[in-house]
Amino acid sequence: MRAGPEPQALVGRKRGARRLLVPRMVLTVSAPAEVRRRVLRPVRSWMDRETRALADRHFRGLGGDVPGGGHAPGRVAFVSEPGAFSYADFVRGFLLPNLPCVFSSAFTQGWGSRRRWVTPAGRPDFDHLLRTYGDVVVPVANCGVREYNSNPKEHMPLRDYITYWKEYIQAGYSSPRGCLYLKDWHLCRDFPVEDVFTLPVYFSSDWLNEFWDALDVDDYRFVYAGPAGSWSPFHADIFRSFSWSVNVCGRKKWLLFPPGQEEALRDRHSNLPYDVTSPALCDTHLYPRSQLADPPLEITQEAGEMVFVPSGWHHQVHNLDDTISINHNWVNGFNLANMWRFLQQELCAVQEEVIMRSCSGINFEEFYHFLKVIAEKRLLVLKEAAAEDRAGLGFEQAAFDAGRITEVLASLVAHPDFQRVDTSAFSPQPKELLQQLREAVDVAAAP
């Protein structure tokens, strides 16, 4: 899963400069967009009227605020039966309260990756991966080297990484090169030749990937693969997005902290830790606020299981076995306000928008473009019944989305920093789009 922005010290470095919107470099892909959409076409995410009304009441009750801190539940909820758990159940139980859960392996048993990428013994099928993807160049992080609060990456052909991985196993999980971890591989963007997975209906309202598919440039769909002992340092996901992660094979250990609890882990310079399992956290001289009100929520994710990570939950993840996973970052109406608040906090922290873009990957002008693309799609669904089938959305889902965009767009338009942006070339103008949304939401709310 893509982590949040790198620290300010990385401004200007290549690793910290990834942009969300309107990229200046066009990346080539190996298959046209219509092929990718066919391979990964989601199940329709119809929201019923009752669920929409419940969600609307929830956000009206917040009065524009975004829930902050909280306590981890006593244990993570486990969802066992696909046929007994609806999209409405997911909204009520996890999206609205912003709580994690684990879905059983029954939800992913039909995935092509679980059939083809895994040996009968449940281990990575290196031979299949080499035959299918051996020449693909992949990003690889060195878990043993700290670069700020992350790990430096290099790129290599997958066949070279698998050669390393096999040697690492044969040497008793040790290598002079350190522990290398394949991370953030855009396989489904660049090499969509297999029925890799079927997008679960619970995650199909995915504005980040909907936006990128419209641009036909990039995505937030990733493959991770690495040996036992590889890990991801403490972080929150980019833009305060939701994420989901499925173990195609192997097991992971998750340590999750609800929003706000990470503040107790800051050192005397207000920096978050790199490793929350480090004994140094017990040193109150270095970490004067290191006493947590509650311990982190711990999850052992088994093969085939799917973890939902809520918005703003900091976490650290360790591979307990040789593991391959598929991961998505996603934003929708349920966490859009969290994303907007995060961007405002970034601006306050760095003051200058050029630095903001380098840190978070997006500035206010680009955020408007993101909202505009999603808003215009939802307006089509609400205004033209024929567009409903093309978009793969129901009326209630589109109405809910439009309402959430309206609230955030109104806040963006009123923001003094956005008011200094030259919007003369924008079409439609922000206030015009806001008026269109308000009118559509009013019509949709009529009985």
Side-chain angles (χ1 to χ4, degrees), residues 1-5 54-55 58-59 61-79 89-103 149 202-203 231-245 252-267 270-278 281-282 287-301 305-318 327-346 349 360 404:
M1 290 168 288
R2 182 61 62 87
L54 173 69
H58 172 85
F59 287 107
L62 292 177
D65 293 334
V66 178
H71 297 286
R75 60 182 179 86
V76 65
F78 187 80
V79 183
D89 293 329
F90 184 59
V91 169
R92 290 179 173 87
F94 305 103
L95 285 182
L96 289 178
N98 201 42
L99 292 173
C101 66
V102 176
F103 295 83
N149 268 21
Y202 317 106
F203 313 137
W231 65 294
S232 292
F234 187 64
H235 69 279
D237 288 327
I238 191 167
F239 311 134
R240 297 303 182 260
S241 56
F242 297 131
S243 61
W244 60 261
S245 176
K252 292 181 185 287
K253 177 182 177 180
W254 296 73
L255 301 172
L256 296 102
F257 297 77
Q261 275 207 8
E262 75 281 358
E263 297 302 320
L265 297 174
R266 292 189 183 275
D267 65 17
S270 295
N271 298 312
L272 289 172
Y274 168 72
D275 178 3
V276 295
T277 68
S278 171
L281 281 176
C282 298
Y287 294 92
R289 297 173 288 176
S290 62
Q291 299 303 313
L292 289 172
D294 293 305
L297 182 62
E298 184 171 326
I299 299 171
T300 298
Q301 178 189 14
E305 292 182 347
M306 180 164 54
V307 169
F308 165 64
V309 181
S311 175
W313 281 61
H314 282 70
H315 49 283
Q316 186 167 308
V317 189
H318 296 257
N327 315 276
H328 278 203
N329 292 106
W330 49 296
V331 170
N332 62 24
F334 290 95
N335 63 340
L336 180 64
N338 299 46
M339 179 183 184
W340 170 226
R341 182 177 70 167
F342 168 71
L343 296 178
Q344 293 176 81
Q345 290 171 341
E346 285 291 288
S360 66
R404 301 303 303 136

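Worth knowing before you read on, the calculation uses all heavy atoms, side chains too, and leaves out hydrogens, waters and symmetry mates. None of the values given here were measured: they were computed from a predicted structure.
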Query raised in the report: Is Asp267 reaching over with its side chain to a backbone N or O of Asn271, donor-acceptor style, under 3.5 angstrom?
Result: yes
Query raised in the report: Who passes side chain to side chain donor-acceptor pair (under 3.5 Å) against Asn327, sequence neighbours left out?
Result: Ser245, Ser325
Query - Considering all heavy atoms, the nearest Pro100-Pro310 contact - result: N-CG, 3.2 Å
**Report entry** Listed partners of Thr300 passing side chain to side chain donor-acceptor pair (under 3.5 Å), at least two apart
**Finding:** none
Query - Expected output: side-chain Asn149 to main-chain Leu272 donor-acceptor under 3.5 Å - result: yes
Query raised in the report: For Phe242, what residues pass the ring-ring contact (aromatic ring centres under 6.0 Å, His included) criterion, not counting sequence neighbours?
Result: Phe308, Trp330
**Report entry** Residues forming a ring-ring contact (aromatic ring centres under 6.0 Å, His included) with Trp254, sequence neighbours excluded
**Finding:** His315
Query - Which atom of Val76 lies closest to which atom of Leu297, heavy atoms considered - result: N-CD1, 3.9 Å
Report task. Can you see which heavy atom on Arg240 is nearest to which on Asn335, and at what distance? Result -> O-ND2, 3.5 Å
Report summary line: When rounded to the nearest 0.5 Å, the distance separating CG of Leu281 from CG of Leu265 is 6.0 Å
Report task. May I ask you to check whether Phe257 and Phe234 place their ring centres under 6.0 Å from each other? Result -> yes
Requested in this report: Taking side chain to side chain donor-acceptor pair (under 3.5 Å) as the test, write out the residues that go with Glu263, two or more places apart.
Outcome: Arg266
**Report entry** Shortest non-hydrogen separation from Pro259 to Ser311 and the atoms involved
**Finding:** CG-O, 3.7 Å
Query raised in the report: Is the side chain of Glu262 donor-acceptor paired with the backbone N or O of His314 at a distance under 3.5 Å, no angle test?
Result: no
Query raised in the report: Who are the ring-ring contact (aromatic ring centres under 6.0 Å, His included) partners of His328, not counting sequence neighbours?
Result: Phe197, Trp244
Report task. Look up atom CG in Asn338 and atom CZ in Phe239, then write down how far apart they are to the nearest 0.5 Å. Result -> 14.0 Å
Report task. Report the distance from atom CE of Met306 to atom OH of Tyr202, rounding to the nearest 0.5 Å. Result -> 7.5 Å
Requested in this report: Can you spot which of Asn332, Val309, Asn329 makes a side-chain contact (heavy atoms from CB on, under 4.5 Å) with Ser241?
Outcome: Asn329
Query raised in the report: Just how far is it from atom OG1 of Thr277 to atom NE2 of His318, taken to the nearest 0.5 Å?
Result: 5.0 Å
**Report entry** Partner residues of Trp231 under the side chain to side chain donor-acceptor pair (under 3.5 Å) criterion, sequence neighbours left out
**Finding:** none
